[in-house]
Amino acid sequence: MTKSSHAARVAAVAGMASLALVLGACGEPSPSTGPSSGTASGTPSTSGEKLTLTVATFSEFGYADLYKEYMKEHPNVTIVEKKAATGADARTNMMTKLAAGSGLSDIEAVGNDWIAELLPYADKFNDLGSPDINSRWADWVNKMATAPDGTLIGYGTDLGPMALCYRGDLFAKAGLPSDRDAVTQLLGGKDATWERYFEVGHQFQEKSGGVKWLDATVFLYQPSLSQLPVTFENTDGSVLDLATNEPIKKVYDLLTAPDTVDLSAHLAGFSPDWVSAFQQGSFATMLCPAWMTTIIEGNSAGVVGWDMADVVPGGGANSGGSYLTVPKQTKHPDEAKALAAWLTAPEQGATVFTSVGNYPSQIEAQNAPDVKSKVNPFFNNAPVGQIYASRAAAITGISFRSENYQTVRKIVNNAINRVDIDQTDDPATSWDKAVQEFNGLGLS
Amino acid sequence: MSTARTAGLAPVAPSPAQPRPTRRERAGKLDAAVSPYLYVAPFFLLFALIGLFPLLYTAFVSVHQWHTIGGEGAFVGLKNFADVLHQRFFWVGLRNTVSIFLLSSVPQVITAIFVAAILNANLRTKTFWRMGVLFPYVIAPVAISLIFGRMSAQEYGLVNYVLGNVGIAPVGWHSEPFAAHVAIASMINFRWTGYSALIFLAAMQAIPTELYEAAIVDGASRWRQFWSVTVPQLRPTIILIIIVSTIGGLQVFDEPLLYDQEGYGGNDRQWMTVTMYIYELGWGNQHNFGRAAAAAWLLFLVVVVLALANFAITRRIASADSGPRRKRVP
């Protein structure tokens, strides 16, 4: 302690404000164990001893105001949020600390892309199964977080139903209709196909003056996967051989075909280039899950023209969405469970949608008037509540995922990026590398 | 050391009544025999705890199937080693590590010597300049990585923008392995050159002025003084810096990890180092501690080989050092 605060002082003398911040953060006492003495400390404590609950989230869960509300209702509880930048960071953090056996927060947010990895270790999480709470979600939402032995490890927070976000102004410039209903029709409405989406893309690029149709083809990978019933694993959890996995090869071929790559601006998602591209207006469409709308808006300060259409090629698609889990490492399982249940209640889900745009996974929240009537001014006053409700309804199920889904998914993900973003490999050699890497895992 | 001696002698003095050894005498003898070991014991205990034990435990893990969360599985012998050696990315990682090491160490030592020579000259506001070169060292590596990562963005990054204005085609800082290595090596150089320069500066100031005076009398130019007096006198320091940067170079982790958003070293692992590979095996996508431990042992062997090479080179330099002196004697 003294050492790091000394270091912080030295750093401050050196005038390195940023360093001081970093060290200061390191020097903070671990907030997971709050003052456990029950003595009154001046505040009007009502019931229970004083405790601190840590909530680890990533990206933007939109909980800041909800914490304040909860702490007001429960004066003995202090909530500290630990925010990871991305879901990938949160995943690494989870794996490291589960392996170490300590260090996890009282509540840990988990993405639905990788919650399946945790199910074989469900005994390291508190069982959140309780019929009156679990009835908030559709069965398939609960099923994704349920271990074979029936332990439910997570309460659903949100889903990532996808819609089409597009630049209406750039559409108009390129001679395409820019009205959102007309765009929906242009792409085929309910029967929209990937082929039609790419065809319109080529039409657009003929007159767009260098503006690309989409940011990177890998952004179409997740929706394509979510439209397959089975991706990398059989429903018994055994891993399919990648070399002979026809449905995946078909997706890969489509996303790495020269015709498709020609539509891409080759931008790595969330990279500085990708962020700048919103300002530069270098691409015109993006399949956007609900949580992405905040990010698009954040990156596009001063840019007008974004709009949203109720259409996705190939039918309903989902990308992302999360759960709150309560690891067994917590010292306050009951209080943590209560907080997790409260944060994922339909009212809170609805509030989060209206404030930051994450689409709630609770049925009651999806039907709440506040949610249904929400209009997003940034997206040219698009009725986002209605659009996402319609997009969510188009999702008939979500592809089966088991323990190795994320591992194998990532290998093909990188193979697509080698062809599209890096442009260092042709589709055939990149696929061979992926198969070689997959075989090295020794899974099938 | 001095406490050891007094502790050993003290009991002997107040026992003049001799012949048969009293209990205190025997205790004193035991003390003299044992205490030196006790005094050095803390180091060895600590070494056993944080050096030897992890090494042996890693060896134990490396011959088992071992899931990150699931823990110990069946004994598999050397299968993990074979698996790692058959993975393309292990070799890619080794290539990247060596490449980044060379790109960061060689220019760094050369630049640092020149910077130190300039700082050693009679400058105004000496302390200001000397503190100034240490400035990058104070910045957290994470912050440096983030800034360099942004500067080397391919489409809208500062570096490619400047290059474009001069008419040079944009460089694939995040797609071409060599370009990525250069970018990462420059982060390391940015951070460490000033630090090395200060060490060189300290060594330069210890060089006796008579050598320079003699050189001046012999009519040597400044350039000649630098090459024939300064650089040879710096030899031990150069060896020190090379050893330190070898250790650091083989462990480079923060900078490449933070070079992009994903943190696994590029889609084709263009800038993934061996330590990042170990991290990926154990905590990243593969969740396989067994393989991670095997890769860690392989890295350990590489370090041993390089250390032996270092040792051989160092000895040669040391003997070259004593060469001219012997000549001067007759």
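Below, read A as the first sequence line, B as the second, and so on, with proteins coming before strands; counting in each chain starts at 1. The structure displayed is predicted, hence computed values, not measured ones. We use all heavy atoms of the structure for the numbers below, so side chains are in, but hydrogens, waters and symmetry mates are not.
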message = Given heavy-atom pairs under 4.5 angstrom as the criterion, report whether the side chain, backbone, both or neither of A/T424 touches chain B.
response = side chain
message = I need the contact set between residues 64-72 of chain B and chain A: heavy-atom distance under 4.5 Å, sorted by residue number.
response = B/H67, B/T68, B/I69, B/G70
request  = Select one option (side chain, backbone, both, neither) describing which atoms of B/D268 are under 4.5 Å from chain A's heavy atoms.
outcome  = both
ask   = Within the distance-only criterion (no hydrogens, no angle test), does the side chain of A/T407 pair as donor or acceptor with the backbone N or O of B/Q286 below 3.5 angstrom?
value = no
inquiry  = side-chain hydrogen bond (donor to acceptor under 3.5 Å, both in side chains) for B/N285 and A/R409? Distances and angles first, verdict last.
reply    = CA-CA 10 Å; B/N285 245 352; A/R409 191 194 75 83; over 6 Å; no
task = Measure B/Q154 against the heavy atoms of chain A and call it side chain, backbone, both or neither at under 4.5 Å.
result = both
note = Note: B/R291 and A/G442 closest approach over all heavy atoms is NH2-N, 4.4 Å
key: From B/Q87 atom CD to A/E437 atom CD, the distance as rounded to the nearest 0.5 Å   = 7.5 Å
ask   = What part of A/Q280 is in contact with chain B, defined as an atom under 4.5 angstrom from a non-hydrogen atom: side chain, backbone, both or neither?
value = side chain
key: Which atoms of A/L267 approach chain B - backbone, side chain, both or neither, heavy atom under 4.5 Å   = side chain
query = Checking heavy atoms, do the side chain of A/D425, its backbone, both or neither come under 4.5 Å from chain B?
reply = side chain
task = Considering only heavy atoms, give the residues of residues 160-193 of chain B separated from chain A by less than 4.5 Å, sorted numerically, with 'none' for an empty result.
result = B/H174, B/S175, B/E176
